[in-house]
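If you're wondering where the values come from, they're calculated on a predicted model, not measured in any experiment. Note: hydrogens, waters and symmetry copies are ignored here, and every other heavy atom, side chains too, is used. Residue numbers run from 1 in the order of the sequence given.
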Amino acid sequence: MSTPLNKVIVIMGASSGIGEATARLLAERGATLMLAARRLDRLQDIRDAYPQADIRIKQADVTQFDQVEAVIQEANSAFGRIDVLFNNAGIMPTAPLAAGHREDWKQMLDINVMGVLNGIAAALPIMEHQQAGHIIATDSVAGHVVYPEAAVYCGTKFAVRAIMEGLRQEQRENQIKSTIISPGAVQTELYTTIKDQAVGESLRQAQQEWGLTSEDVAQAVLYAIDTPDRVSISNLIIRPTQQHV
């Protein structure tokens with residue numbers, strides 16, 4: 001039988017996909033959870049599924065710093081500490097640069113990059129005071145390689161990779177860990193953020209045929225969390241075996 005995970009964990013973007021799978025896995029392991037997302041009904045479903053677990057939920061948009069800060073402050077007030085923050089929210093409205101989808105570009109920057117920075121800004125003062133903590137971000141294989149029609153998306157993921165490495169360097173003496181989880185194709189709702197329906201459907205089919213499951217990635221998040229204080233997993237790249245990129 002697994003040892004209970006005695007950690008207070010905040011998950012931003014917990015209502016579906018990797019965030020939901022991670023929340024469910026951590027609830028099964030006995031973690032204390034604060035789950036946040038825009039879709040409160042989905043968070044309620046997760047909490048209802050684990051009546052034995054200590055789970056709080058809160059509606060929040062990661063692009064709004066005051067909402068992210070309210071999640072972090074409530075978790076700290078309720079539980080007395082924050083051991084882990086998992087910044088998971090993200091979108092992927094890919095398209096060629098020539099299409100000029102400036103609103104999509106801005107939204108990707110706001111969610112994929114500023115969402116991570118908002119979480120870091122809200123949690124770091126608490127973790128510095130604790131002299132302990134762990135911040136995780138969902139990155140992507142796209143944060144390591146660039147491919148056509150995804151330049152801006154790749155740019156946001158490269159940015160997250162750089163930010164999280166900077167965090168590691170700045171906070172290592174405060175015993176604060178930094179981890180990016182970099183999956184390849186995963187069976188999530190991410191394809192629904194692509195406006196070109198044919199492209200989105202093609203991605204969905206590929207994900208269903210040979211992609212990772214959200215539970216596969218959740219296991220990687222758990223692995224990074226459930227390590228001794230002396231061990232910091234900086235980056236986990238997880239590809240489907242058949243993925244070529």
Side-chain angles (χ1 to χ4, degrees), residues 4-91 110-138 160 163-164 167 170-171 174-181 189 214 218 221-222 224-226 229:
L5 192 62
N6 184 30
K7 291 181 182 288
V8 175
I9 301 170
V10 178
I11 304 178
M12 306 299 300
S15 62
S16 65
I18 293 167
E20 177 185 1
T22 302
R24 291 180 181 275
L25 179 60
L26 296 179
E28 291 168 1
R29 281 293 304 271
T32 299
L33 299 174
M34 168 63 85
L35 307 180
R38 289 177 297 177
R39 295 174 291 189
L40 194 60
D41 58 328
R42 293 200 177 190
L43 299 180
Q44 184 68 58
D45 289 343
I46 299 170
R47 185 171 66 177
D48 290 348
Y50 300 94
Q52 80 287 357
D54 194 351
I55 301 175
R56 290 193 173 219
I57 61 174
K58 192 172 183 67
Q59 189 172 41
D61 179 341
V62 299
T63 69
Q64 305 302 310
F65 176 71
D66 59 338
Q67 295 182 28
V68 176
E69 186 177 42
V71 171
I72 297 298
Q73 292 298 329
E74 182 172 325
N76 191 49
S77 296
F79 305 126
R81 69 182 198 276
I82 296 174
D83 298 308
V84 181
L85 166 63
F86 181 23
N87 286 312
N88 174 66
I91 60 170
D110 286 345
I111 295 174
N112 297 1
V113 180
M114 285 308 303
V116 170
L117 287 169
N118 286 339
I120 291 171
L124 264 188
I126 293 168
M127 292 182 175
E128 285 183 333
H129 179 73
Q130 296 171 164
Q131 287 290 285
H134 189 178
I135 297 177
I136 302 173
T138 300
V160 169
I163 290 163
M164 294 295 285
L167 176 67
E170 292 178 13
Q171 292 296 328
N174 290 325
Q175 304 300 312
I176 297 171
K177 300 182 183 185
S178 164
T179 300
I180 58 171
I181 307 293
E189 298 176 5
S214 295
V221 178
L222 173 60
I225 290 172
D226 197 18
D229 290 344

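The environment of CG in N6 is sparse: at most 12 heavy-atom neighbours from other residues, nucleotides or ligands sit within 6.0 Å. By the neighbour-count criterion of 12 heavy atoms within 6.0 Å, atom CZ of R29 is densely surrounded, having more than that number from other residues, nucleotides or ligands. Counting non-hydrogen atoms of other residues, nucleotides and ligands closer than 6.0 Å to CG of D229 gives a total of 12 or fewer.
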Carefully, step by step, assess I225 and F86 under the rule side chain to side chain contact (heavy atoms under 4.5 Å, CB included).
-> CA-CA 10 Å; I225 290 172; F86 181 23; over 6 Å; no
Intermediate values then yes/no, side chain to side chain contact (heavy atoms under 4.5 Å, CB included), N88 and I181 = CA-CA 9 Å; N88 174 66; I181 307 293; over 6 Å; no
Pair I46-I57, side chain to side chain contact (heavy atoms under 4.5 Å, CB included): steps then yes or no = CA-CA 9 Å; I46 299 170; I57 61 174; over 6 Å; no
Could you go step by step and tell me if L43 and S15 meet the side chain to side chain contact (heavy atoms under 4.5 Å, CB included) rule?
-> CA-CA 5 Å; L43 299 180; S15 62; 4.1 Å; yes
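I72 has its side chain within reach of V10: a pair of non-hydrogen atoms, C-beta onward, lies under 4.5 Å apart. Between I11 and L26, the closest side-chain pair of non-hydrogen atoms falls below 4.5 Å. Side-chain contact check for Y50 versus L33: every heavy-atom pair is 4.5 Å or farther apart.
Distance CZ/R24 to CG/L35: 10.0 Å, rounded to 0.5 Å. Interatomic distance, E74 CD to K58 NZ, rounded to the nearest 0.5 Å: 4.5 Å. Going from atom CG of L85 over to atom CE of M34 covers 12.0 Å, rounded to the nearest 0.5 Å. Atom-to-atom distance recorded for T32:OG1 and I82:CD1 is 12.0 Å, nearest 0.5 angstrom. Here S178 contributes atom OG and I120 contributes atom CD1; the two are 7.5 Å apart, rounded to the nearest 0.5 Å. Taking CD1 from I163 and CG from L117, the interatomic distance works out to 4.0 Å, rounded to the nearest 0.5 Å.
Here side-chain hydrogen bond (donor to acceptor under 3.5 Å, both in side chains) pairs that include residues 110-124, with residues two or more places apart or in two chains, are K106-D110, N112-T156. Sorted by first and then second residue, the side-chain hydrogen bond (donor to acceptor under 3.5 Å, both in side chains) pairs with a member in residues 124-136 read E128-Q171, Q131-N174, H134-T179; sequence neighbours excluded.
Not a single donor-acceptor pair under 3.5 Å links the side chain of E20 to the backbone N or O of A14. The backbone N or O of I9 sits nowhere less than 3.5 Å from a side-chain atom of D83 that would complete a donor-acceptor pair.
The two atoms that bring A122 and F65 nearest to each other are N-CE1, 3.8 Å, heavy atoms only. When all heavy atoms of A218 and L25 are compared, the pair lying nearest together is O-CD2, 3.6 Å. A pairwise comparison of heavy atoms in G115 and N87 identifies O-OD1, 4.1 Å as the closest pair. Among all heavy-atom pairs drawn from M164 and A137, the shortest one is CE-N, 3.8 Å. Between S16 and R42 the shortest heavy-atom distance is CB-NH1, 3.4 Å. Taking every heavy atom of both residues into account, A27 and Q52 meet most closely at O-NE2, 4.2 Å.
Partners of Q73 under the side-chain contact (heavy atoms from CB on, under 4.5 Å) rule, at least two apart in sequence or in another chain, are E69, I126.
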